[in-house]
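Everything on this sheet refers to the single structure shown next.
Start at 1 and go down the list; that is how both ligands and their atoms are numbered.
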Amino acid sequence: MLRPSQTFKVVPSLPPRIAPLRELAYNLWWAWNLDAVDLFIRLDRDLWDQTFHNPVRMLGAIRQERLVEAANDDGFVANLTRVYQAFSRYMNADDTWFRRQTNGDLQDLHIAYFSAEFGITESMQTYSGGLGVLAGDHLKSASDLGVPLVGVGLLYQEGYFQQYLNADGWQQESYPDNDFYNLPVTQVLDAQGNPLMVEVDYPGRKVRAQVWRAQVGRVPLYLLNTNIDVNAPEDRVITGQLYGGYEDMRIRQEIMLGIGGMRALRALGITPTVCHMNEGHSSFLGHERIRMMMQEQGVSFPVALHVTSAGNVFTTHTAVPAGIDLFPIHLMDHYFTEYYRALGIGREEFLRLGQRDSAQGVSFSMANLALRLADHVNGVSELHGEVAREMWKDLWPRVPVEEVPITSITNGIHPRSWISTDMGSLLLRYLGPAWIERPDDHSVWEGITRIPDEELWRTHERRRERLVAVARERLRRQLERRGAQPQDIAEASEVLDPEALTIVFARRFATYKRALLLFSDPERLSAILNHRGRPVQLIFAGKAHPHDNPGKEFIRKLVHLGRRDDMRQHLIFLEDYDMALARYLVQGADVWLNTPRRGLEASGTSGMKAAANGGINLSTLDGWWVEGYSPDVGWAIGHGEVYQDVFYGDEVEARALYDLLERDVVPLFYDRGADGLPGRWIARMKRSMSGITPRFNTLRMLEEY
Ligand SMILES: *Cc1c(COP(=O)(O)O)cnc(C)c1O
């Protein structure tokens with residue numbers, strides 16, 4: 001059973017001169033405003049790291065003397081004042097993009113953005129990977145643009161797992177306990193000052209959830225938690241782990257997210273005009289919207305369905321059927337019999353909403369439900385739009401596949417959250433603040449050509465050196481924990497070379513991403529890595545889903561390959577890929593490698609983060625790279641073929657990858673001019689940054705939504 005959360009507030013009273021720190025700590029605006037982060041680092045760098053970059057916990061743990069000292073430090077107070085003023089200006093600005101676009105029209109627009117995960121910053125472990133990070137970047141851009149949006153999700157007691165490997169390289173999972181009272185979240189109170197609760201009917205009982213609020217700049221994010229005394233033990237764990245458990249747990253979670261989430265909004269007095277389902281996990285919200293409308297306006301089910309669907313948006317993120325939540329019919333009967341009666345419809349009609357066609361299937365698909373309850377449906381890249389139209393064409397039997405009403409809006413990133421401070425200051429010097437305020441303006445990024453090669457290269461090299469230092473330190477700690485030989489631990493501080501061409505592969509270890517493609521011919525790879533005068537090194541990171549044994553086997557193989565004498569200097573696996581590690585990797589990589597089988601990666605966003613920092617993408621033509629690639633900004637492995645025989649396809653693409661490395665990538669990197677600079681490489685970096693970043697960012701993405 002889960003432990004109850006602690007029930008006390010820990011942030012002490014702060015001396016008045018530094019009191020604004022508390023407000024800054026509780027608004028996640030700091031997560032993309034590095035001047036604010038610097039304040040916390042200046043307060044106590046070690047504590048900042050020990051608290052896993054969590055300012056709330058840090059302020060609770062810091063010595064009182066240090067706070068008094070900071071309050072007496074005029075330099076610190078001046079900096080704090082400057083940051084706090086910038087924050088206040090941001091929060092109170094009335095000339096936002098949204099205001100300018102709409103001229104005060106659309107006053108009634110209220111968007112509720114539902115997602116099972118939100119990746120905003122590493123200390124809030126409410127995300128597992130790309131879907132959550134995208135949701136986090138979505139909220140940050142909504143805040144920047146002034147879009148009237150609130151986020152809705154779950155506050156997990158344990159979140160997603162942390163990864164470590166045993167001595168054999170087999171993935172182990174551990175679930176740390178989230179102490180909400182020490183996170184940048186606050187409990188929402190009702191009019192009487194009691195914790196705001198929502199109540200959802202489950203068979204034979206009511207389950208209650210408490211509502212918490214995280215503030216993401218101007219955007220509130222409401223998170224539901226069921227780990228409270230009034231609930232039975234088996235209901236307290238509903239918000240235990242992200243994507244934890246099997247079907248029965250997942251359906252209980254998704255009921256709370258969709259139905260509980262709508263009820264939370266109602267309790268908060270928010271009536272959304274648009275509900276955005278980020279993936280199908282939240283699609284029960286569609287039922288609840290219908291139910292509420294029937295109750296409030298006395299209309300029939302078909303009318304309410306018709307009206308509410310016009311205000312529902314569904315973004316599908318998966319290109320693999322296994323990625324879709326399917327619930328067996330007996331579970332639907334168990335959890336929904338009362339509910340569909342309340343909707344005034346029969347069992348058949350209810351079940352049909354989650355099925356492909358009128359034939360009675362064996363399971364209920366959350367994606368199908370979302371497709372039927374939302375009038376606006378989109379995939380997350382142009383290619384994924386095509387794949388999704390093909391995948392779901394049966395739902396529109398009388399329409400040719402190209403007219404299936406599923407469009408695409410290609411994913412993006414929130415540049416300010418991902419660009420290093422070093423690169424950010426360089427951009428500020430040559431592009432001005434416009435790169436922050438208008439990152440989707442192409443003319444701003446053309447300014448990259450004004451950056452002298454030398455400066456861009458030195459900045460990038462600093463980030464690569466930093467990455468190597470961090471990798472060595474992490475590797476040392478990994479080996480210590482695994483109980484490695486002292487000799488091996490000592491060697492950890494010698495692995496990698498801060499000046500060598502650094503290729504990074506960091507992503508979920510789903511097998512279709514083919515983390516081992518590069519190892520198809522270990523001898524050929526070894527020759528590339530160990531080439532005299534042109535060394536190459538590889539850094540890998542990524543988690544396999546706890547139930548994905550083939551994915552874990554990939555990691556184990558990789559770790560074993562890394563023990564070969566001819567590889568150990570050049571190949572490492574870093575444990576526990578998360579947003580903090582991702583930043584180091586995307587900011588320090590020379591080459592960002594991605595090798596999914598065509599059609600299976602819906603979009604991908606990490607390559608956009610690398611590009612924004614001057615890394616160059618080397619990828620199969622899948623997801624966003626189909627749109628982002630051109631021969632002058634990066635490299636494509638193959639030509640976008642789909643192979644019937646996947647093993648044959650792997651062979652062909654592995655060879656293409658080696659060819660590219662040997663003939664293009666490595667020679668270009670080591671082609672140095674009289675000034676010691678790789679002029680042609682730098683030119684490519686510049687084209688990549690100015691060509692990719694203004695297109696693949698979440699500001700552009702939100703404007704399209
Ligand atoms: C950006 C990011 C992702 C998503 O990147 P992909 O290209 O989809 O792999 C996943 N995990 C973390 C921690 C990230 O920062």
Query - NZ or CZ of R507 within 45° of F505 ring axis and under 6.0 Å - result: yes
Report task. Please step through ring-ring contact (aromatic ring centres under 6.0 Å, His included) for the pair F118 and H138, ending with a clear verdict. Result -> CA-CA 9 Å; F118 286 94; H138 195 113; 9.3 Å; no
Query raised in the report: Can you list the ligand 1 atoms lying under 4.0 Å from a non-hydrogen atom of G130?
Result: 3 (C), 4 (C), 10 (C)
Report task. Would you mind listing which atoms of ligand 1 come within a distance below 4.0 Å of any non-hydrogen atom of G604? Result -> 7 (O), 8 (O)
Report summary line: for atom 6 (P) of ligand 1, nearest protein heavy atom and its distance come out as S606 OG, 3.5 Å
Query raised in the report: Hey, which atoms in ligand 1 end up nearer than 4.0 Å to a heavy atom of D578?
Result: 13 (C)
Query raised in the report: Do H281 and Y243 have ring centres separated by under 6.0 Å?
Result: yes
Requested in this report: If you have a sec, work out which protein heavy atom is nearest atom 11 (N) of ligand 1 and how many Å separate them, to one decimal?
Outcome: Y577 CE2, 3.5 Å
Report summary line: Near R507 (heavy-atom distance under 4.0 Å), the atoms of ligand 1 are 7 (O), 9 (O)
Query raised in the report: Hey, is the main chain of S619 close enough, under 3.5 Å, to the side chain of N594 for a donor-acceptor pair?
Result: no
Query raised in the report: What residue and atom, counting heavy atoms only, is the protein's closest point to atom 14 (C) of ligand 1, and at what distance?
Result: K609 NZ, 2.9 Å
Query raised in the report: Testing D650, T620, L593 for side chain to side chain contact (heavy atoms under 4.5 Å, CB included) with L517, which one passes?
Result: D650
Query raised in the report: Is a donor on one side and an acceptor on the other found under 3.5 Å between the side chain of K140 and the backbone of I120?
Result: yes
**Report entry** Residue part near ligand 1, for W418, under 4.0 Å between non-hydrogen atoms
**Finding:** side chain
**Report entry** Donor-acceptor pair, side chain of T693 and main chain of S690, under 3.5 angstrom
**Finding:** no
Query raised in the report: Atoms of ligand 1 less than 4.0 Å from M579 heavy atoms?
Result: 13 (C)
Report task. Over all heavy atoms of both residues, which pair between L525 and L518 is shortest? Give the atoms and the distance, please. Result -> CD2-O, 3.6 Å
Report task. Look only at interatomic distance and state if T605 has a nitrogen or oxygen under 3.5 Å from any nitrogen or oxygen of ligand 1. Result -> yes
Query raised in the report: Should you measure from each heavy atom of A582, which atoms of ligand 1 turn up under 4.0 Å away?
Result: 15 (O)
